[in-house]
Protein chains: 2
Amino acid sequence: MLSFSEENYLKAIYHIEQLQADGVSTNSVAKKMQTKASSVTDMLQKLADKQLVIYKKYQGALLSEKGSKIAISVIRKHRLWETFLVEKLNFSWDEVHDVAEQLEHIQSEKLIDSLDAYLKFPTIDPHGDPIPDKDGNFVQRQKVKLSTLKENELGILLTINDSTDEFLRYLDNKKIAIGDKINVLSIEPFDKSIQLKIGKRELMITEEVAENLLVSPL
Amino acid sequence: MLSFSEENYLKAIYHIEQLQADGVSTNSVAKKMQTKASSVTDMLQKLADKQLVIYKKYQGALLSEKGSKIAISVIRKHRLWETFLVEKLNFSWDEVHDVAEQLEHIQSEKLIDSLDAYLKFPTIDPHGDPIPDKDGNFVQRQKVKLSTLKENELGILLTINDSTDEFLRYLDNKKIAIGDKINVLSIEPFDKSIQLKIGKRELMITEEVAENLLVSPL
DNA sequence: AATATTTTTTAGATAAGTCTAAAATATTTT
DNA sequence: AAAATATTTTAGACTTATCTAAAAAATATT
Ligand SMILES: [Mn+2]
Ligand SMILES: [Mn+2]
Ligand SMILES: [Mn+2]
Ligand SMILES: [Mn+2]
């Protein structure tokens, strides 16, 4: 039985590993967890004792097989709860994260598997992120930043890089949603802002926004 | 923001208060919480500092207005989650308690009020216990032990005194359920065992079982 | 290669929650 | 009312998770 804190560290290490496959640095974990490097060192030593990470002084850490399984199960719970909140309790996608941060630590295999079934085994969460199944498997989809598309190219919005409430609400306001088919009409050479078309609507987004929208190119 | 531990103590004190209205003793809390009296003293001092209980050395404790409100809100969450697990996720009533013990500490007013609405504002949980509403109000029903009924008297099973898994499963086996109309056919003078009728079925229960069944007399 | 800077670890402190053992107080029995 | 017993509190220790400040190691700069 792991503490909430241990589970949160494992999840953070997992997410950092996805970005840069080499050893996860103490500082990168500290930044993600909004804590001090010394606290991270303490925790990495503890997780190493429990064989959940492979850790060598000054070399950073990597999740072990066991640690990785736990991280994925926490992520599974987080995303299933987010899906429940949106689908069943009518939360909007910018309201679910903090509650899911708490719910992801509830310990009950029966609970999470029943929830999974109740939701009809969803594979994608409200933010477009894949939901691992009971065995930890999930879909890996090819995706590129919208900012890499050329003029007249198309893409389906799969997920987003920035999941802050502010960005989610920006997308709501602009009526940009997961699953939308986005057509790049033109790119302004001066500031790389993009004129695009969703359905019949035309709108303009900045390069920064385009960097945070991940699409499947068509 | 209270810790899980503080919330659990408040809930325990509340439940003990319901049984004996006078000051709640340190030992009674220790017994309920399965902890040591010294730990209880520490916590009572802390809760008194936070004005959640009224506490005088060697005199035991009482919940303050504020403490009582929090205790009731934790109970509300516990019972709504139990109802959710049974109604929506097909848990049986002997499987919900431990999970609800965890879920009752999730902090989100929007979550619990949405859950309440999703369940159509239930007033009774799977064990027959009343569910406080958003304002902390709940139905108080007149109820007596089945063992106090005389021969040929009737009662509706409202709730139970013993909520252990074993007793719940005993009731399932005997097909005795909350809401059943129970007819006391005869009482054996020797051991006070009771012959009763539910629907068309006749069955016998011991006095001990009858002590743990609370009915509304008809 | 030596120096400066950054990163990481260690040492020591603090807070929450628990425990055991001993002391203080209250209650019951004689 | 004194003695015996039970209850409650205090004192001191331990664990987990965090922090600050200092030391050690790694990396970057000159
Ligand atoms: Mn999230
Ligand atoms: Mn998500
Ligand atoms: Mn319960
Ligand atoms: Mn219940």
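Order of the sequence lines sets the chain letters (A, B, ...), proteins ahead of strands, with each chain counted from 1. Every value quoted in this text rests on a predicted model; they were computed, and no experiment measured them.
- One can place NZ of A:Lys57 at 16 Å from P of D:dA23, the figure rounded to the nearest angstrom.
- Taking atom CE of residue A:Met43 and atom C1' of nucleotide C:dT8, one finds them 17 Å apart after rounding to whole Å.
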Check nucleotides 23-25 of chain C against the protein and report each pair of N or O atoms closer than 3.5 Å, with its distance, or say if there are none.
{"residue": "C:dT25", "atom": "O4'", "partner": "B:Tyr58", "partner atom": "OH", "Å": "3.3"}

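- Cation-pi geometry between A:Lys88 and B:Tyr118 is not met at under 6.0 angstrom from the ring centre and within 45 degrees of the axis.
- Residues meeting the side-chain contact (heavy atoms from CB on, under 4.5 Å) test with B:Asn173, sequence neighbours left out: none.
- DNA chain C is contacted by A:Ala37, A:Ser38 of residues 30-39 of chain A, taking any non-hydrogen atom closer than 4.0 Å.
- A sub-4.0 Å separation between OP1 or OP2 of C:dT6 and a side-chain N or O of A:Asn27 is absent.
- Residues meeting the ring-ring contact (aromatic ring centres under 6.0 Å, His included) test with A:Phe121, sequence neighbours left out: none.
- Atom OG1 of B:Thr83 sits about 8.5 Å away from atom CG of B:Leu115, to the nearest 0.5 Å.
- Residue A:Tyr9 contributes atom OH, which lies 15 Å from atom P of D:dT16 at whole-angstrom precision.
- Between the CZ atom of B:Phe4 and the P atom of D:dT16 there is a distance of 18 Å, given to the nearest Å.
- Contacts classified as ring-ring contact (aromatic ring centres under 6.0 Å, His included) and involving residues 38-80 of chain B (residues at least two apart or in different chains) are given here: B:His78-B:His97.
- A heavy-atom distance below 4.5 Å is not found between the side chains of B:Val40 and B:Met33.
- For C:dT8, neither phosphate oxygen OP1 nor OP2 lies less than 4.0 angstrom from any side-chain nitrogen or oxygen of A:Tyr55.
- With the 3.5 Å cutoff on both pairing distances, Watson-Crick and G-U pairs in DNA chain D assemble into runs of at least 3 at C:1-30 with D:1-30.
- Atoms CD (A:Gln45) and P (D:dT16) sit 14 Å apart, rounded to a whole Å.
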